[in-house]
Amino acid sequence: MNIPTCEQELLERVQNLAGLTLGEVACDANIEIPLDLKRNKGWIGLLLEHVLGAGASSRPEPDFPSLGIELKTLPINSQGKPLETTFVCVAPLTGLVGINWQNCWLKQKLSTVLWVPIICDTPDKKNIPLAERRIGSAFLWSPSVEEEQLLALDWQELTDMIVLGEVEKIHGKHGQVLQLRPKAANAQAKTQAFDKNGKPFLTLPRGFYLKIPFTQAILNKNLRIN
DNA sequence: TGTTGATCATGT
DNA sequence: ACATGATCAACA
């Protein structure tokens with residue numbers, strides 16, 4: 001798929017996917033469907049990037065650089081509740097001098113997001129097989145003043161702890177809307193950080209994730225009729 | 001090793 | 001039932 005030339009074209013493409021199953025979309029794109037996501041956790045995101053015309057996914061840029069839009073799939077149940085937290089970006093543990101909310105990576109990443117809900121559960125909460133899950137109504141979102149304030153507060157709290165050498169004291173419960181959790185191949189992975197005395201040490205890489213109630217609120221504000 | 005894409009699966 | 005901590009794959 002070629003790159004969409006404007007926001008409207010991207011929105012039309014993604015709206016045309018609403019109601020389709022992942023099996024239908026993958027089949028049209030000649031992409032094989034895994035039986036489940038156990039060994040393909042990012043498969044849905046990669047599929048959507050492909051059919052919407054995003055470039056390779058391994059770049060430190062928005063998915064649609066010319067449009068400044070980040071694509072995020074959001075697994076939800078049939079009642080519109082997100083089933084997982086949403087990964088945003090890796091948390092820098094070094095080089096934080098001079099970084100503030102206005103110039104931080106997380107703010108840039110969340111500046112404009114195309115959310116694509118994927119319905120993963122039946123009304124009686126049964127898991128739907130991957131190929132039969134349906135794409136919901138996607139929408140474009142930018143943080144409201146209130147949402148940005150919440151994000152900025154949490155980002156500042158977590159970043160302050162990192163700067164103070166307290167990264168290993170941070171748990172998923174910190175933050176109202178944002179949390180810091182492991183983001184690594186396994187628990188043995190290491191990246192450099194600084195301790196409270198300013199000495200370098202190795203620790204588990206972490207990432208920023210949006211908590212479920214926050215993405216749920218975003219979704220609820222953007223409910224619309226198909 | 002770090003970036004992208006995330007969900008798995010166990011403990012509470 | 002649910003969130004936290006752990007983990008999977010591809011690519012640069």
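Every chain is numbered from 1 and lettered A, B, ... according to where its sequence line falls, protein lines coming before strand lines.
- No more than 12 heavy atoms of other residues, nucleotides or ligands lie within 6.0 Å of CD in E32(A), so this atom counts as exposed by the packing criterion.
- Nearest to the side chain of W105(A), among dG5(C), dT3(B), dT4(C), sits dT3(B).
- At least one side-chain nitrogen or oxygen of Q179(A) sits closer than 4.0 Å to the OP1 or OP2 atom of dT4(C).
- Whole-Å rounding puts the F87(A) CZ to dC8(C) P distance at 17 Å.
- Looking at E24(A), its side chain never comes within 3.5 Å of a backbone N or O of L20(A) through a donor-acceptor pair.
- To the nearest angstrom, P of dT7(C) lies 19 Å from CG of L37(A).
- In this structure, K173(A) atom NZ and dA3(C) atom C1' are separated by 13 Å, rounded to whole Å.
- Residue contacts for I212(A): at a heavy-atom cut-off of 4.0 Å it reaches the sugar-phosphate backbone alone, with no base atom in range.
- Side-chain contact check for I99(A) versus P92(A): every heavy-atom pair is 4.5 Å or farther apart.
- For dT7(B), its base never sits under 3.5 Å from the side chain of K38(A) at any donor and acceptor pair.
- Nearest nucleotide to the side chain of E84(A), out of dA3(C), dC8(B), dA6(B): dC8(B).
- Looking at heavy atoms from C-beta onward, I69(A) lies in side-chain contact with E7(A) at the 4.5 angstrom threshold.
- A salt bridge does not link K41(A) to E84(A): none of the charged side-chain nitrogens sits closer than 4.0 Å to a carboxylate oxygen.
- Counting any heavy atom pair closer than 4.0 Å across all strands shown, A184(A) reaches a base atom.
- With respect to L74(A), the side-chain contact (heavy atoms from CB on, under 4.5 Å) criterion is satisfied by exactly one of I218(A), L219(A), L83(A), I118(A): L219(A).
- You'll find that the side chain of V90(A) is closest to dT4(B), out of dC8(C), dT4(B), dT7(B).
- At the heavy-atom level, P205(A) lies nowhere under 4.0 Å from the strands shown.
- The interatomic distance linking K109(A) (NZ) with dA6(B) (C1') rounds to 12 Å, in whole Å.
- Rounded to 10 degrees, the angle separating the terminal helix axes of the helix from dT1(B)-dA12(C) to dT12(B)-dA1(C), each built from five base pairs, is 30°.
- Regarding L202(A), its CG atom lies at a distance of 9 Å from the P atom of dT1(B), rounded to whole Å.
- In the displayed structure, I3(A) atom CD1 is contacted under 6.0 Å by at most 12 heavy atoms of other residues, nucleotides or ligands.
- With a 6.0 Å radius and a threshold of 12 heavy atoms from other residues, nucleotides or ligands, L35(A) has its CG atom at or below the threshold.
- Within a 6.0 Å sphere centred on CD of Q156(A), other residues, nucleotides and ligands contribute more than 12 heavy atoms.
- Nucleic acid contact for T191(A): sugar-phosphate only, since backbone atoms but no base atoms lie under 4.0 Å from a heavy atom of the residue.
- G172(A) comes within 4.0 angstrom of sugar-phosphate atoms only, judged by non-hydrogen atoms across all strands, and of no base.
- Atom CG of L52(A) and atom P of dG5(B) are 13 Å apart (whole Å).
- Among the heavy atoms of the strands lying under 4.0 Å from R181(A) is at least one base atom, whether or not backbone atoms are also near.
- Distance CG (L46(A)) to C1' (dA10(C)): 8 Å, rounded to an integer number of Å.
- Close to dA3(C), at under 4.0 Å from its OP1 or OP2, lies no side-chain N or O of T85(A).
- Listed nucleotides dA6(B), dA9(C), dG5(B) differ in distance to E70(A); the shortest reach to its side chain belongs to dG5(B).
- Annotation: of the two residues near DNA chain B, R133(A) and V88(A), the 5′-most nearest-nucleotide partner is V88(A).
- Taking only distance into account, the side chain of Y209(A) meets the base of dA6(B) through a donor-acceptor pair shorter than 3.5 Å.
- Mapping Q188(A) and P182(A) onto DNA chain B via the closest heavy atom, the residue that lands nearer the 5' end is Q188(A).
- Nearest to the side chain of K125(A), among dT4(C), dG5(B), dC2(C), sits dC2(C).
- Toward the 5' end of DNA chain C, the nearer of the two residues L83(A) and K41(A), judged by each one's closest nucleotide, is L83(A).
- At the heavy-atom level, K183(A) lies under 4.0 Å from base atoms of the strands shown.
- Put simply, CZ on F208(A) is 16 Å from P on dG5(B), counting in whole angstrom units.
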